[in-house]
Amino acid sequence: MPSETATKYLAAVNALVLASSPSSPLSRLPALTFSYGRALQGEPMKHWCKGDEEGAKEALEKGSKACWHAARGEVL
């Protein structure tokens, strides 16, 4: 699954939890996050292997921001 798709799914689950009523079992769930591992590192590694250190930093920052927003139920 592409990292963008996984991030959108994570955001959708968190948005559902945040929008649930207090009586819903979903309201007891904490914000969901996941270890992004390879998906978070994949794009930066492509840049880094080509010697593009700045591109790697930018890709890592972009992915990290997307994950942060997804944990809050937002799509970047």
Side-chain angles (χ1 to χ4, degrees):
M1 174 183 309
S3 59
E4 293 84 14
T5 303
T7 304
K8 286 179 183 177
Y9 285 152
L10 180 63
V13 168
N14 281 318
L16 179 65
V17 169
L18 293 170
S20 65
S21 69
S23 61
S24 169
L26 292 175
S27 67
R28 295 190 306 255
L29 292 174
L32 301 175
T33 61
F34 53 85
S35 172
Y36 218 62
R38 187 176 60 87
L40 183 58
Q41 297 170 4
E43 198 59 34
M45 289 296 284
K46 290 178 187 176
H47 291 279
W48 183 77
C49 288
K50 295 176 184 175
D52 181 11
E53 188 173 324
E54 193 60 37
K57 288 178 185 178
E58 290 172 8
L60 184 60
E61 183 178 342
K62 180 181 175 188
S64 298
K65 283 182 181 179
C67 288
W68 182 81
H69 282 281
R72 299 174 57 123
E74 306 165 352
V75 176
L76 187 63

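These numbers come from a predicted model, not from an experiment.
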Salt bridge (Lys or Arg N to Asp or Glu O under 4.0 Å) partners for Glu74, two or more places apart:
Arg72
Distance, nearest 0.5 Å, that separates CD of Gln41 from OG of Ser3:
12.0 Å
Nearest heavy-atom pair of Pro22 and Ser27: which atoms, and what distance?
O-OG, 3.1 Å
Salt bridge flag under 4.0 Å for residues Lys57 and Glu53:
yes
Taking the side chain as everything from C-beta on, heavy atoms only, tell me whether Lys8 gets closer than 4.5 Å to Leu10.
no
With Lys46 via salt bridge (Lys or Arg N to Asp or Glu O under 4.0 Å) - residues at least two apart
Glu43
Taking side-chain hydrogen bond (donor to acceptor under 3.5 Å, both in side chains) as the test, write out the residues that go with Ser21, two or more places apart.
Ser23
Determine, for Glu58 against Lys62, whether the closest basic-nitrogen to carboxylate-oxygen distance falls under 4.0 angstrom.
no
Within-4.5 Å side-chain heavy-atom neighbours: Ser64 and Leu40:
yes
Taking the side chain as everything from C-beta on, heavy atoms only, tell me whether Leu29 gets closer than 4.5 Å to Leu26.
yes
